[in-house]
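Okay, so here's the structure we're looking at.
Nothing here was measured: the structure is a model prediction, and the numbers come from that model.
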Amino acid sequence: MRIVDVFVLGIDLVLFTYFTQIALNTTNLTIRIVACFAMTVEIFFMRQHIKLNRLLTQKRED
């Protein structure tokens, strides 16, 4: 995994933690729903990035 990949995953993890804190610390239901949606999107981005890296690594080995 390249340093750029580690950086992107780190940023995604920080954003996920940020949105988690927003969702836990608010009483407004709309903000909580939007924060939960943002956390779901961040998880999706992390999974897609890992899948792409795995695919690129397999292509390099072949």
Do you know the tightest heavy-atom contact between [X] and [Y]?
X     : Y     : answer
Ala23 : Arg32 : O-NE, 3.1 Å
Thr57 : Asn53 : OG1-O, 2.7 Å
Glu42 : Asp12 : OE1-OD1, 2.9 Å

Using the rule that Ile, Leu, Val, Met, Phe, Trp and Tyr join whenever any side-chain heavy atoms are under 4.5 Å apart, tell me whether [X] and [Y] fall into a single cluster.
X     : Y     : value
Tyr18 : Phe7  : yes
Leu15 : Ile31 : yes
Val14 : Ile43 : no

Practice task
Indicate yes or no for a side-chain donor-acceptor contact from Thr26 to the backbone of Ile22 under 3.5 Å, with no hydrogens or angles considered.
Solution key: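 It does not hold such a pair.
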Problem - Test side chain to side chain contact (heavy atoms under 4.5 Å, CB included) applied to Ala38 - qualifying residues, sequence neighbours left out - result: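 Testing Ala38 for side chain to side chain contact (heavy atoms under 4.5 Å, CB included), a comparison that skips the adjacent residues, returns Phe19.
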Handout entry: Gap between atom CZ of Arg2 and atom CG of Asp5 - 0.5 Å precision
Key =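 Here the interatomic distance stands at 5.0 Å.
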Handout entry: Side-chain cluster (under 4.5 Å, hydrophobic types only) that Leu52 belongs to, other residues
Key =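 Its cluster mates, by chain and number, are Leu56.
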Practice task
List, by chain and then residue number, the residues other than Phe44 in its hydrophobic cluster (Ile/Leu/Val/Met/Phe/Trp/Tyr, side-chain heavy atoms under 4.5 Å); write none if there are no others.
Solution key: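 So far as hydrophobic clustering goes, Phe44 is joined with Phe37, Val41, Phe45.
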Problem - Residues Met46, His49; criterion side chain to side chain contact (heavy atoms under 4.5 Å, CB included); working and verdict - result: CA-CA 5 Å; Met46 285 188 272; His49 193 79; 5.8 Å; no
Exercise for the section: Decide yes or no for Leu9 and Ile50: does some side-chain heavy atom of the first lie under 4.5 Å from some side-chain heavy atom of the second? Expected result: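 Yes, at least one pair of side-chain atoms sits under 4.5 Å.
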